[in-house]
2 protein chains.
Amino acid sequence: MPEHDAAATARMVEQEGCPIVEVLDHVAGKWAIGIIVAAAPGPVRFTELERAVDGISRRMLTLTLRRLERDGLLTRTVYPTVPPKVEYSLTDMACELHASLLELTSWAERHRMAIARARAAYDVAHSAAG
Amino acid sequence: MPEHDAAATARMVEQEGCPIVEVLDHVAGKWAIGIIVAAAPGPVRFTELERAVDGISRRMLTLTLRRLERDGLLTRTVYPTVPPKVEYSLTDMACELHASLLELTSWAERHRMAIARARAAYDVAHSAAG
DNA sequence: CTGCATCCCAGGCGATACTG
DNA sequence: CAGTATCGCCTGGGATGCAG
């Protein structure tokens with residue numbers, strides 16, 4: 001069981017909220033970005049996310065989903081049907097975030113080539129002249 | 001020695017660049033955001049960054065700096081004085097990124113309380129009704 | 001001042017298998 | 001379908017100490 005430290009959590013609320021690094025780490029984390037972007041258009045099911053977020057494992061999808069839910073960025077709706085159906089939606093807070101995240105992914109898309117080239121150049125320079 | 005795999009790097013360049021998840025992971029990583037934001041106003045020295053990026057260790061600062069330099073986001077200028085002086089500046093690519101990152105940190109700042117509260121609520125709900 | 005090297009551990013994360 | 005459980009590797013990342 002995870003069983004988050006309730007005392008520590010309470011302390012945060014009383015004080016000034018979560019440290020920004022931590023918030024950013026959750027919200028802009030490796031998988032979180034993809035999930036939030038994928039969930040933005042509307043309610044999304046587990047398996048849809050699994051396919052949308054390229055490269056994610058079932059485990060990390062679950063974990064990241066839980067963390068985002070805990071942080072109040074996602075709402076999880078369970079339909080007690082058979083087979084089960086679960087939908088994830090962004091909260092208002094997360095919708096606001098979504099715009100920034102889109103800019104980010106857009107930037108990444110535009111510069112992935114340049115970055116690959118920069119790396120190659122760096123590697124050459126640092127293998128020749130150790 | 002790290003000695004990045006030159007073959008793999010070359011393959012990336014020929015093909016389509018770096019996978020977006022990887023780019024985002026570097027660029028929006030836990031420490032990278034703070035560093036880029038701190039370096040945006042102008043050339044910044046190592047120790048300034050160490051103080052600016054709250055909570056970072058000397059080790060992680062160095063590692064993240066190197067990675068950002070390798071990815072072509074930072075330029076590193078060494079002044080051969082004594083004691084040594086090194087300045088880091090954003091590249092054009094990174095300046096473009098900086099705006100998005102600012103939005104992100106601004107969002108984090110605005111919502112840290114709400115997130116702390118959401119967590120507390122989640123924890124209560126999930127410890128009582130396991 | 002600006003690092004790199006080393007030790008070391010907790011946690012991230014993938015792989016795989018099992019369940020309601 | 002939508003998870004949970006377990007194992008095990010590997011990396012992130014702190015602490016400390018040395019060097020140019």
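In what follows, chains carry the letters A, B, and so on, assigned in the order in which the sequence lines appear, proteins first and then strands, with residues in each chain numbered from 1. Values reported hereafter were calculated over all heavy atoms of this structure, with side chains retained and with hydrogens, waters and symmetry mates removed.
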Please name all residues satisfying side-chain hydrogen bond (donor to acceptor under 3.5 Å, both in side chains) with B:S100, sequence neighbours left out, ordered by chain then number. A:E103
Nucleic acid contacts - residues 39-54 of chain A versus DNA chain D, non-hydrogen atoms under 4.0 Å: A:R45, A:F46, A:T47
Please figure out whether A:K85 or A:D25 has its closest DNA chain D nucleotide nearer the 5' end. A:K85
When you check every protein heavy atom under 4.0 Å of nucleotides 14-20 of chain C, what one-letter string (B, S, -) results, 5' to 3'? BB----B
Mind checking side chain to side chain contact (heavy atoms under 4.5 Å, CB included) for A:A32 and listing every partner two or more places apart, or none if nothing turns up? A:T64, A:L68
Kindly state which residues belonging to residues 62-79 of chain A come within less than 4.0 angstrom of DNA chain D, counting heavy atoms of the residue only, listed by number. A:T62, A:R66, A:R76
Starting at CD of B:E87 and ending at P of C:dC1, how long is that distance when rounded to a whole Å? 15 Å
Suppose we screen for ring pair (Phe, Tyr, Trp, His ring centres under 6.0 Å). Which residues come up paired with B:F46, at least two apart in sequence or across chains? none
Would you be so kind as to tabulate the donor-acceptor pairs closer than 3.5 Å made by side chains of residues 52-60 of chain A, with sequence neighbours excluded?
residue	atom	partner	partner atom	Å
A:S57	OG	A:M60	N	3.2

Once side-chain hydrogen bond (donor to acceptor under 3.5 Å, both in side chains) is applied, do any residues pair with B:T91, and if so which ones, sequence neighbours excluded? none
side-chain hydrogen bond (donor to acceptor under 3.5 Å, both in side chains) filter on A:E109, not counting sequence neighbours, yields A:R112
Which residues pass the ring pair (Phe, Tyr, Trp, His ring centres under 6.0 Å) test with A:W107, not counting sequence neighbours? A:H111
What residues form a side-chain hydrogen bond (donor to acceptor under 3.5 Å, both in side chains) with A:R67, not counting sequence neighbours? none
Can a donor-acceptor pair be found between the side chains of B:T62 and B:R66 at a distance below 3.5 Å? no
Can you list the residues that meet the side chain to side chain contact (heavy atoms under 4.5 Å, CB included) rule with B:P19, with sequence neighbours excluded? B:M12, B:V21, B:E22
